[in-house]
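All remarks here apply to the structure that follows.
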Amino acid sequence: EESPWFHGLENIVILHPEAQDNQEVVDNIFRKQENAHFDRQRYAILLMPGAYKKTLRIHVGYYTQVLGVGRTPDDVQLNQVFATNGANGHATNNFWRAMEGVTLWDRDTTWAVSQAAPIRRTVLTGNLHLSQDQKYSSGGFMSDVSIHGKLFMGTQQQWMFRNVDVNGGIECPAGWNYVFVGMRGLSPQAQQQCSGITPDKVVSIPTGFSAEKPFLVWDKEWQIHVPSFAVVAGAG
């Protein structure tokens, strides 16, 4: 039998919904990467399609990607994937981590990061908090994301959104520069409130000709799916 493409790559970790040691596996990775700002280790946590135990919590540290490998986010469902403030008490050093291709059930997801830390192709059934405990945070990117609850920008200084559903509204108490491209559910009034008294803080661009990046899929065999270019507002 032919070896899988990741054979011999110890830092590619495959999780299965029925496995009993998923929590132990992801906790071990986080312990290694929690403060590994200048470390050489890199981890990809691949979640096979299915619904995972509600107790599974994936805390994401440096140089770690959490990737659902279904065709759609609905194919990989779990409770929590999250990033919290770093060793300096803030999220300003929380670089180099990513979440993609999952549906999260948690009522409140925290993704306290600063740059090089995207969320892609994800459904959040609750609220999304982009900072934690009013501590500093500095920028990020998300695309093809559907937020069913409310989006809390918190202390984020800047953020780039492309093809994102904001179904429960947005709260922007701070910030310097937010760019919205091809949004759905974000009214002009909400954008104005987000801008506050700061001129040109918010830039809103209509839906453009774009495509999500290629992504890995397990569907009886390993595949790479290459999305087509299209003019589409919102996620999907």
Side-chain angles (χ1 to χ4, degrees), residues 4-6 9-30 33 42-61 63-84 96-111 113 117-130 140-149 151 161-167 184 211-228 232 234-236:
W5 61 269
F6 51 84
L9 301 175
E10 296 180 357
N11 289 15
I12 295 179
V13 178
I14 312 293
L15 301 188
H16 298 264
E18 67 276 9
Q20 299 302 309
D21 63 346
N22 286 334
Q23 190 65 62
E24 179 182 357
V25 169
V26 298
D27 286 350
N28 285 338
I29 293 173
F30 179 71
Q33 301 305 115
R42 305 290 186 268
Y43 285 93
I45 302 174
L46 276 53
L47 283 77
M48 300 294 279
Y52 288 74
K53 292 181 179 178
K54 195 169 183 180
T55 54
L56 181 61
R57 304 170 73 251
I58 303 180
H59 201 168
V60 185
Y63 306 113
T64 302
Q65 181 188 26
V66 177
L67 171 64
V69 295
R71 286 199 170 274
T72 72
D74 287 340
D75 292 335
V76 180
Q77 302 201 16
L78 68 160
N79 196 34
Q80 291 183 320
V81 179
F82 61 102
T84 55
W96 307 306
R97 62 201 73 197
M99 168 169 57
E100 179 178 347
V102 296
T103 292
L104 302 183
W105 305 318
D106 197 17
R107 287 183 57 187
D108 288 281
T109 295
T110 297
W111 192 251
V113 297
I119 305 175
R120 296 177 179 270
R121 298 177 43 251
T122 290
V123 175
L124 300 115
T125 61
N127 304 315
L128 175 60
H129 301 261
L130 294 179
F141 172 81
M142 70 175 72
S143 65
D144 200 12
V145 172
S146 182
I147 306 165
H148 291 192
L151 173 59
F161 300 86
R162 180 177 62 75
N163 295 97
V164 175
D165 298 337
V166 183
N167 297 309
R184 185 163 52 196
E212 186 54 86
K213 73 171 186 63
F215 56 91
L216 193 62
V217 171
W218 169 259
D219 186 5
K220 299 181 182 178
E221 63 179 2
W222 290 104
Q223 305 170 6
I224 295 178
H225 181 67
V226 182
S228 301
V232 179

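Side-chain atoms are counted along with the backbone in the values below, which use heavy atoms only and exclude waters and symmetry mates. Quantities reported herein were computed from a predicted structural model and do not represent experimental measurements.
- Put simply, the side chain of Val226 reaches to within 4.5 Å of the side chain of Pro214, judged on heavy atoms.
- Put simply, the side chain of Trp96 never gets that close to the backbone of Arg42: no donor and acceptor are under 3.5 Å apart.
- Every residue meeting the side-chain hydrogen bond (donor to acceptor under 3.5 Å, both in side chains) condition with Gln65, not counting sequence neighbours, appears here in chain and number order: Glu100.
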Could you go step by step and tell me if Val123 and Asp165 meet the side-chain contact (heavy atoms from CB on, under 4.5 Å) rule?
-> CA-CA 9 Å; Val123 175; Asp165 298 337; over 6 Å; no

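- Considering CG of Leu128 and CG of Asp106, their distance stands at 11.0 Å, rounded to 0.5 Å.
- Of all heavy-atom pairs between Ala235 and Ser146, the closest is CB-N, 4.1 Å.
- Taken to the nearest 0.5 Å, the CG atom of Asp144 stands 14.5 Å off from the CZ atom of Phe161.
- For the pair Asp108 (side chain) and His129 (backbone), a donor-acceptor distance under 3.5 Å is absent.
- Tested against Met99, the residues Val60, Leu104, Ile45 include a single side chain to side chain contact (heavy atoms under 4.5 Å, CB included) partner, Leu104.
- Residues Ile58 and Phe30 have side chains not in contact (no heavy-atom distance under 4.5 Å, counting atoms from C-beta outward).
- Atom CG of Asn167 is separated from atom CZ of Arg184 by 8.0 Å, given to the nearest 0.5 angstrom.
- The ring-ring contact (aromatic ring centres under 6.0 Å, His included) check on Tyr43 picks up nothing, with sequence neighbours excluded.
- Applying the 6.0 Å contact sphere to NZ of Lys54 captures no more than 12 heavy atoms from other residues, nucleotides or ligands.
- Geometrically, Arg121 engages Phe215 in a cation-pi contact defined by less than 6.0 Å to the ring centre and at most 45° from the axis.
- A 4.5 Å side-chain heavy-atom check between Trp222 and Leu216 finds at least one atom pair inside the cut-off.
- Within the 3.5 Å criterion, the main-chain N or O of Gln77 finds no donor-acceptor partner in the side chain of Thr103.
- Note: Leu47 CG to Asp75 CG = 12.0 Å, rounded to the nearest 0.5 Å.
- Between the CG atom in Asn79 and the NZ atom in Lys53 there is a gap of 13.5 Å [rounded to 0.5 Å].
- Between His59 and Thr84 the shortest side-chain heavy-atom distance falls below 4.5 Å.
- Here the side chains of Leu15 and Val26 are in contact, with some heavy-atom distance below 4.5 Å.
- Looking at every heavy atom in both residues, Pro17 comes nearest to Ala51 through CB-O, 3.6 Å.
- A donor-acceptor contact under 3.5 angstrom links the side chains of Glu212 and Ser143, judged on distance only.
- Counting only heavy atoms from C-beta outward, the side chains of Val145 and Leu124 approach each other to under 4.5 Å.
- Residues Gly70 and Val217 share a closest heavy-atom pair of O-CG2, 3.9 Å.
- Atoms CE and CG, from Met142 and Asn163 in turn, are 12.5 Å apart once rounded to the nearest 0.5 Å.
- Applying the salt bridge (charged side-chain N to carboxylate O under 4.0 Å, His left out) test to pairs two or more places apart or on separate chains, none has a residue in residues 12-24.
- When all heavy atoms are compared, the tightest approach of Gln80 to Phe82 is CB-CD2, 4.2 Å.
- Minimum interatomic distance between Ala211 and Pro227 (heavy atoms only, all atoms of both residues): CB-O, 3.9 Å.
- Between Met48 and Val76, the closest heavy-atom pair is O-CG2, 4.1 Å.
- Residues Asp219 and His225 have side chains not in contact (no heavy-atom distance under 4.5 Å, counting atoms from C-beta outward).
- The closest donor-acceptor contact from the side chain of Asn22 to the backbone of His16 lies under 3.5 Å.
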